Amino acid sequence: MDRKPPLTLLIAAPRGFCAGVDRAIRIVELALEQYGAPVYVRHEIVHNKFVVETLKAKGAIFVRELDEVPDGVPVVFSAHGVPKAVPAKAAERGLNYLDATCPLVSKVHRQAERLIAQGRHILFVGHAGHPEVIGTFGQVPEGRMTLVESAANAEIVSPPAAGGLAFLTQTTLSVDDTAEIVAILRRRFPAIQVPRSEDICYATSNRQGAVKAIAGRCDAMLVIGASNSSNSLRLVEVAERAGARARLVARGSDVDFAWLEGVRTLGITAGASAPEVLVREVVERLKERFGVTEEPVEGIEENMVFKLPAALKAA
Ligand code: SF4
């Protein structure tokens, strides 16, 4: 007889890899096939150690800056996007570069350029230091964009008066926090121009919605993702706000059985940069201690696919 305590798992849907992450990883894999190893990658291609290590094993070399890339080898820019100066520098050096910036991040870059061309100042809602924020700020001349990190920040931000205002946001924010920040900006600056369409991407919104859909039934929730993954951190917050204790785990070996003491129903989800293999690894780890039953969860079906760069498609 199985004496393990019972544990019902609700595995959120959708979860894990989004179309932008899928594309970025594919670009590195195809570059390795087409050009052979090594292929250099500027920054973590996506925020996940397992993904990075897997690509390293295939011959990718990860570096922080372009200066570390030798002449004559291909280099890939990460999914988070890069300041304009980076491809410009690569072109100047004659490097063969492939841009794995997610098309939904590129869309925000183009909007930023358009707004600056209209003479507007941009309030950018995002997290300081995140590579996507650095990349988006690097699309516009210095001083034309101001970062707004929180509701408190939105209450006191003081942009230049001339030329009109607009706001844009990072793609991986909390939908609810961003709505609050945007409401403050619109109250304080009624003429502020709103983005043509929502900047928070479909994958971020869907994963947060999927957590909300199950969190109320869960005693606790595990979010599989990296501590530097913005969308994964937001999933922890969303679960907590919906009433479930929540924790970020990188993989199965991070699961702390003591923390799960007394839990009968556990929610599991994965950030947009966490592969499904890590979800299965966490489930297998849970089975070591619990009598696990997986309850099916219905969710929004995603079928977004982004085109690969022409240079690789021809391969
Ligand atoms: Fe693109 Fe959204 Fe995925 Fe980021 S989380 S790579 S913006 S689809």
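Position 1 is the first residue of the sequence; numbering continues from there. The analysis underlying the following values was restricted to heavy atoms, covering all of them including side chains, and did not include hydrogens, waters or symmetry mates. Order of listing sets the numbers, starting from 1, for every ligand and every atom in it. Being a predicted model, the structure only gives us computed values, none of them experimental.
A perpendicular orientation is assigned to the rings of F257 and F290, their planes being inclined by more than 60° (bins at 30° and 60°).
Residues D176 and S174 bring no donor and acceptor atom of their side chains to less than 3.5 Å of each other.
Side-chain atoms of S230 come within 3.5 Å of backbone atoms of T172 as a donor-acceptor pair (strictly under, hydrogens ignored). A donor-acceptor pair under 3.5 Å is absent between the side-chain atoms of Q208 and the main chain of V238, judged by distance alone.
Inclusion of C102 in the first shell of atom 1 (Fe) of ligand 1 is supported: an N, O or S atom falls under 2.8 Å. Counting backbone and side-chain atoms alike, C18 contributes an N/O/S atom closer than 2.8 Å to atom 3 (Fe) of ligand 1.
Looking from atom 7 (S) of ligand 1 to the surrounding protein, the closest heavy atom is T171 OG1, 3.3 Å.
Atoms of ligand 1 lying under 4.0 Å from at least one heavy atom of C201, given by number and element, are 2 (Fe), 5 (S), 7 (S), 8 (S).
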